[in-house]
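In what follows, every heavy atom counts, from backbone to side chain, and hydrogens, waters and symmetry copies are set aside.
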Amino acid sequence: MTFEEEAVRRSRLVYSTSRILICSLFVLSPLQEASCAYVLMVTAVYWVSEAVPLGAAALVPAFLYPLFGVLKSSEVAAEYCKDTTLLLMGVICLAASIEKWNLHKRIALRMVMIAGAKPGMLVLGFMCCTVFLSMWLSNTSTTAMVMPIAEAVLQQLISTGVADAQEDYDNIESPEEDSGTVTIPEPEKPLDRKDSPYPTKRDHMICKCLSLSITYAATIGGLITITGTSTNLIFAEHFNSRYPDAKVINFGTWFIFSLPISIIMLILTWVWLHFLFLGCNFKETCSLSKKRKTRREELSERRIQKEYSKLGPISYPEIVTGIFFILMTLLWFTREPGFVPGWTSLFEKKGYRTDATISVLLGFLLFLIPARKPWPSAFSDRKKNSEKDSNPDPLAPMITWKDFQSLMPWEIVILVGGGYALAAGCKVSGLSVWIGRQLEPMNGLPPWAVTLLACLLVSTVTEFASNPATLTVFLPILSTLSETLQINPLHTLIPCTMCVSFGVMLPVGNPPNAIVFSYGHVQISDMVKAGFGVNLIGVMVVMLAIMTWGVPLFQLTEFPDWAIVRNVTDSL
């Protein structure tokens with residue numbers, strides 16, 4: 001689709017959706033439920049069609065709810081800034097410091113150096129470092145950071161030339177050296193350079209495998225922490241607002257539940273991508289033996305080591321950032337671990353300190369701590385000169401407001417606020433109760449079947465709509481469904497929150513997909529084929545988790561007291 005055609009399409013969408021919105025001003029229904037449902041549908045249409053930016057569409061409840069008499073303007077405004085907004089701001093401060101001082105590059109290159117340059121191990125190494133970074137940075141930022149490093153390695157692989165294609169197989173150990181039954185495959189014929197920039201088809205497959213592995217790993221890593229993705233934050237705020245007496249969702253409980261999911265998904269996704277693009281010969285592509293390394297793999301390792309050497313010795317700002325990173329994680333874990341009293345028990349007043357308190361405190365300190373070492377010596381002259389060049393002001397802090405602004409996703413903040421406003425309108429207007437009545441025929445289904453159907457529905461819709469918008473629409477409906485069917489709300493909300501991130505089949509599914517697709521190594525058919533398998537893996541692993549270790553962690557076998565208060569069937 002050309003730029004002109006895209007502009008025409010968006011203009012038509014803006015015109016049609018704007019006409020719907022204008023007509024709504026003349027359809028003021030006396031029923032609050034109908035008014036709230038109409039606002040929900042109009043907002044959803046804007047989100048799905050993307051006729052206007054997502055953040056702008058999230059402002060629709062801010063003026064339609066007061067016009068329809070569902071909520072006061074001051075009440076709607078209060079929904080647009082919550083505790084999770086402060087949590088996100090603190091994490092962005094740390095992410096800005098990580099990116100500013102290149103700590104992410106050091107971590108990524110070091111992990112790849114450990115993994116080696118064998119195709120299978122190279123892919124696994126990049127996936128591991130991407131998962132780790134995505135735990136703390138946004139999926140989009142992580143992909144944008146790691147992909148250039150991967151591209152440099154891939155270009156080194158390609159630049160060795162067509163002549164090295166023969167050598168890839170000549171350097172494989174012969175059966176006599178290996179004393180096994182290893183068969184030497186026929187040398188792959190080079191591709192016509194006029195038709196393809198890749199020396200061989202095998203090189204093209206490696207490029208596809210590594211590129212797709214990064215976007216999938218960024219998605220998997222975002223599942224691990226409550227701040228890993230915007231959808232996790234949307235779920236946390238919705239749950240804590242709807243069930244204030246629950247006190248079961250925090251950084252620690254989410255991490256304990258999601259870490260095994262991510263590890264299993266990482267391994268299975270790597271195996272799936274290896275099978276799809278590199279074949280089943282894991283011994284050839286994953287061997288750590290130095291004798292089995294080809295010339296091309298040795299050149300790739302040299303390129304990675306060269307990139308790492310450019311970073312120089314670890315600097316003082318990197319050390320400070322690493323300390324803050326570890327400190328923030330430890331304070332999150334020990335705030336209310338559950339099995340032992342946390343550090344919040346030292347304070348007299350309870351419930352005042354949350355994960356956002358820690359996040360904002362440490363983020364604020366990064367604006368105060370100087371980026372230069374406060375005492376002399378210990379630095380070599382070379383490092384002093386380099387720091388003076390990059391940071392001429394000796395009192396300059398670790399990060400500046402400009403660094404923070406460059407990474408702060410204000411559109412996501414407004415989008416999340418719009419979701420809170422929609423949820424508040426559903427609650428006040430009674431739309432949640434009405435939806436609950438319509439879902440009563442599902443009473444005969446077991447909890448696992450309800451959860452599976454919800455996960456499949458959400459993971460399908462999110463392929464065509466943005467992840468935050470999809471979850472924002474479904475969370476109130478799923479909460480009401482759980483209350484109506486007497487199911488622990490966590491039984492449906494947590495799996496669907498994770499499955500909404502599995503929009504991995506199309507470039508429009510999420511920004512990391514688009515970033516990887518822009519490098520030109522993969523086609524849409526590759527992304528659909530690989531993403532379909534990753535989507536199935538994700539849904540199966542999430543269902544396994546919620547039916548096994550999720551049961552004792554969240555007491556899913558019983559309908560909790562904190563949900564009984566909101567049980568719609570009891571109030572009818």
Item to complete: For the residue pair L210 and F277, establish whether any side-chain heavy-atom pair is separated by less than 4.5 Å.
Response: no
Worksheet entry | Contact summary for F517 and V522, nearest pair of heavy atoms | CE1-O, 3.5 Å
Discussion item. Could you report the tightest heavy-atom contact between L366 and P397, atom names first, then the distance?
Written reply: O-CB, 3.9 Å
Discussion item. For F404 and W401, take the angle between the two ring planes, folded into 0 to 90°, and tell me which bin it lands in: parallel under 30, tilted 30 to 60, perpendicular over 60.
Written reply: tilted
Worksheet item: Can you tell me if S309 uses its side chain to pair, donor with acceptor, with the backbone of K306 under 3.5 Å?
Response: yes
Worksheet item: Would you find a donor on one side and an acceptor on the other, under 3.5 Å apart, between the side chain of T225 and the backbone of M135?
Response: yes
Discussion item. Under the salt bridge (charged side-chain N to carboxylate O under 4.0 Å, His left out) definition, can you give me all pairs with a residue in residues 519-530, not counting sequence neighbours?
Written reply: K208-D526
Worksheet item: Does CZ in F367 sit with more than 12 non-hydrogen atoms of other residues, nucleotides or ligands closer than 6.0 Å?
Response: yes
Worksheet item: Do M398 and P317 have side-chain heavy atoms sitting under 4.5 Å apart?
Response: yes
Worksheet entry | side-chain hydrogen bond (donor to acceptor under 3.5 Å, both in side chains) partners of T400, counting only residues at least two apart | D403
Practice prompt. Give the intermediate values and the outcome of side chain to side chain contact (heavy atoms under 4.5 Å, CB included) for residues M89 and L86.
Written response: CA-CA 5 Å; M89 293 175 69; L86 298 178; 4.2 Å; yes
Worksheet entry | Any residue meeting ring-ring contact (aromatic ring centres under 6.0 Å, His included) with F235, in chain and number order, not counting sequence neighbours | F239, W254
Practice prompt. Sequence neighbours left out, what passes side-chain hydrogen bond (donor to acceptor under 3.5 Å, both in side chains) with S97? Give chain and number order.
Written response: T321
Worksheet item: Given side chains that start at C-beta, do those of F502 and V534 come closer than 4.5 Å, heavy atoms only?
Response: no
Fill in: Those residues that, when tested against T229, pass side-chain hydrogen bond (donor to acceptor under 3.5 Å, both in side chains) (two or more places apart)
T231, N232
Discussion item. Do W272 and L276 make a side-chain contact, defined as non-hydrogen atoms from C-beta onward lying under 4.5 Å apart?
Written reply: yes
Worksheet item: Is W270 reaching over with its side chain to a backbone N or O of G120, donor-acceptor style, under 3.5 angstrom?
Response: yes
Worksheet item: Got a sec, which pairs hit salt bridge (charged side-chain N to carboxylate O under 4.0 Å, His left out) with one end in residues 313-334, sequence neighbours left out?
Response: R106-E318
Practice prompt. Using the test ring-ring contact (aromatic ring centres under 6.0 Å, His included), find all partners of F325 that sit at least two apart in sequence or belong to another chain.
Written response: F132, W136
Practice prompt. Any chance you could measure S211, atom OG, to N513, atom CG, to the nearest 0.5 Å?
Written response: 12.0 Å
Fill in: Point-to-point distance, once rounded to the nearest 0.5 Å, from CG of L223 to CD1 of I494
12.0 Å
Discussion item. My understanding is that only residues two or more places apart in sequence, or in another chain, count here; which of them pass side chain to side chain contact (heavy atoms under 4.5 Å, CB included) with L259?
Written reply: I224, F255, I263
Fill in: Candidate pair V458 and L471, rule side chain to side chain contact (heavy atoms under 4.5 Å, CB included), full reasoning
CA-CA 8 Å; V458 167; L471 187 65; 5.6 Å; no
Worksheet item: Excluding sequence neighbours, so at least two apart, what forms side chain to side chain contact (heavy atoms under 4.5 Å, CB included) with I264?
Response: L268, V541, W549
Discussion item. Tell me the closest heavy-atom pair linking Y216 and M527, and the distance in Å.
Written reply: OH-O, 3.6 Å
Worksheet entry | Which atom of G363 lies closest to which atom of C93, heavy atoms considered | CA-CB, 3.7 Å
Worksheet item: In chain order, what residues pass the side-chain hydrogen bond (donor to acceptor under 3.5 Å, both in side chains) check against T219, with sequence neighbours excluded?
Response: none
Worksheet item: Going through the checks in order, is the side chain to side chain contact (heavy atoms under 4.5 Å, CB included) test met by L452 and V539?
Response: CA-CA 8 Å; L452 179 60; V539 173; 4.1 Å; yes
Practice prompt. Rounded to the nearest 0.5 Å, what's the gap from CE on M205 to CG on L278? Could you check?
Written response: 9.0 Å
Worksheet item: CD1 of I92 to CD of Q405: how many Å apart, nearest 0.5 Å?
Response: 11.0 Å
Practice prompt. Give the C-alpha distance, both sets of side-chain angles, the deciding distance and a yes or no for side chain to side chain contact (heavy atoms under 4.5 Å, CB included) between L273 and T269.
Written response: CA-CA 6 Å; L273 292 177; T269 300; 4.1 Å; yes
Worksheet entry | Atom of G90, atom of M328 and distance for their closest heavy-atom approach | O-CE, 4.3 Å
Discussion item. If you compare all heavy atoms of G531 against all heavy atoms of V504, which two are closest, and at what distance to 0.1 Å?
Written reply: O-CG2, 3.5 Å
Worksheet item: What's the spacing between S359 OG and F364 CZ if we round to 0.5 Å?
Response: 13.5 Å
Worksheet item: Just how far is it from atom CG of L266 to atom SG of C128, taken to the nearest 0.5 Å?
Response: 5.0 Å
Worksheet entry | Which residues share a ring-ring contact (aromatic ring centres under 6.0 Å, His included) with F324, sequence neighbours left out | none
Worksheet item: Excluding sequence neighbours, so at least two apart, what forms side chain to side chain contact (heavy atoms under 4.5 Å, CB included) with T451?
Response: C455, H491, T492, P495, M543
